[in-house]
Amino acid sequence: ANRRSSRACRRGGSAGGGDAMDVTILPGCKLSRDQKDVMIKLFQYVASHPSYANGETIGRRSNPPLLPADAPRLFRACGRPLRKEEELAIIENIPEEGLDFKQFCNLFEKYYHEQPPAGEAELSAALTAMDITGQGAVDPSVLVQFLSTFGDGLPAEDVELVVGSLHRDALGKVSCSELASILVRGPVGLQTPAPS
């Protein structure tokens with residue numbers, strides 16, 4: 001079982017380009033050595049180029065720590081978006097003297113696995129952005145492409161099942177808010193209550 005879970009964890013990856021990357025950590029897994037090898041370069045850059053240096057020449061220190069105010073910047077550079085309240089909590093929980101790379105990795109893993117799923121309003125807004133007419137509805141073919149490629153992507157049969165079950169308007173389009181509700185709370189009749 002250990003060999004299998006170790007292999008599954010290795011599938012979580014990072015695809016980096018330029019100054020940012022997208023770190024993926026599968027459920028129950030930790031950062032891999034390959035991910036850390038790439039992340040340490042970003043860590044060193046952000047730590048040695050803080051958003052405010054307080055007159056100190058950080059670049060001359062051999063292993064500068066990551067200062068609290070710069071941790072959110074490094075989270076985003078590693079592909080983990082933060083809500084404002086998460087950003088503030090991270091800054092408040094980092095000692096004033098900062099973090100070393102190992103401490104940052106532990107913090108990143110903790111917050112990565114606590115990443116909240118998109119809420120219904122956020123998902124509806126994202127879907128509505130694909131609606132070029134501004135009517136709050138999109139063509140099913142656009143949804144098929146979106147659901148097949150968004151995040152980890154849904155298998156083709158699941159995409160067909162979801163899109164096929166949606167109500168279409170007179171023009172054959174699907175309501176963005178209805179789809180967001182189904183994706184967040186489940187099919188009509190089996191929906192979990194919306195969070196208050």
Side-chain angles (χ1 to χ4, degrees), residues 8-54 58 63-130 146-147 149-154 176-177 179-186 191-196:
C9 283
R10 276 191 229 123
R11 283 198 298 254
S14 60
D19 294 332
M21 59 187 289
D22 184 17
V23 174
T24 303
I25 308 174
L26 297 175
C29 297
K30 295 193 172 285
L31 290 164
S32 71
R33 174 179 272 162
D34 291 341
Q35 289 172 320
K36 288 180 181 180
D37 287 346
V38 176
M39 286 174 70
I40 196 165
K41 293 173 186 166
L42 283 171
F43 178 90
Q44 290 168 340
Y45 180 83
V46 172
S48 62
H49 297 83
S51 52
Y52 61 90
N54 293 332
I58 303 283
N63 290 314
L66 178 70
L67 298 177
D70 293 312
R73 187 164 55 120
L74 185 53
F75 265 80
R76 288 189 291 274
C78 291
R80 170 58 164 92
L82 295 171
R83 294 180 181 188
K84 192 65 178 171
E85 59 271 14
E86 289 178 307
E87 187 174 318
L88 294 173
I90 287 170
I91 291 170
E92 286 176 12
N93 288 305
I94 294 176
E96 191 175 312
E97 63 272 11
L99 300 175
D100 63 23
F101 181 64
K102 183 177 178 183
Q103 292 168 323
F104 172 74
C105 288
N106 291 338
L107 186 67
F108 186 85
E109 288 169 344
K110 174 186 182 252
Y111 273 89
Y112 186 91
H113 289 300
E114 290 178 2
Q115 184 168 352
E120 192 172 326
E122 295 162 320
L123 192 52
S124 182
L127 291 167
T128 302
M130 295 186 299
F146 173 76
L147 293 172
T149 58
F150 183 73
D152 293 333
L154 289 173
C176 295
S177 59
L179 177 59
S181 174
I182 288 172
L183 290 174
V184 171
R185 296 192 281 150
Q191 291 192 343
T192 56
S196 50

Side-chain polar contacts of residues 96-107 - donor-acceptor pairs under 3.5 angstrom, sequence neighbours left out - could you list them?
residue, atom, partner, partner atom, Å
Asp100, OD1, Lys102, N, 3.2
Asp100, OD1, Gln103, N, 2.8
Gln103, OE1, Asp100, N, 2.8

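Of all the heavy atoms in Ala47 and Pro64, the pair that sits closest is CB-O, 3.5 Å. Across all non-hydrogen atoms, the minimal contact from Ile91 to Pro68 is CG1-O, 3.4 Å.
Residues Met39 and Phe108 have side chains in contact (heavy-atom distance under 4.5 Å, counting atoms from C-beta outward).
Judged by distance alone, with hydrogens and angles left aside, the side-chain atoms of Asn93 form a donor-acceptor pair with the main-chain N or O of Ala89 at under 3.5 Å.
Taking CZ from Arg73 and CG from Leu67, the interatomic distance works out to 9.5 Å, rounded to the nearest 0.5 Å. Separation of atoms CG (Asn63) and CZ (Phe43) is listed at 8.5 Å; rounding is to 0.5 Å. Between Leu66 atom CG and Gln44 atom CD the span is 11.5 Å, to the nearest 0.5 Å.
Lys84 is linked by a salt bridge (charged side-chain N to carboxylate O under 4.0 Å, His left out) to Glu87, counting only residues two or more places apart in sequence or in another chain.
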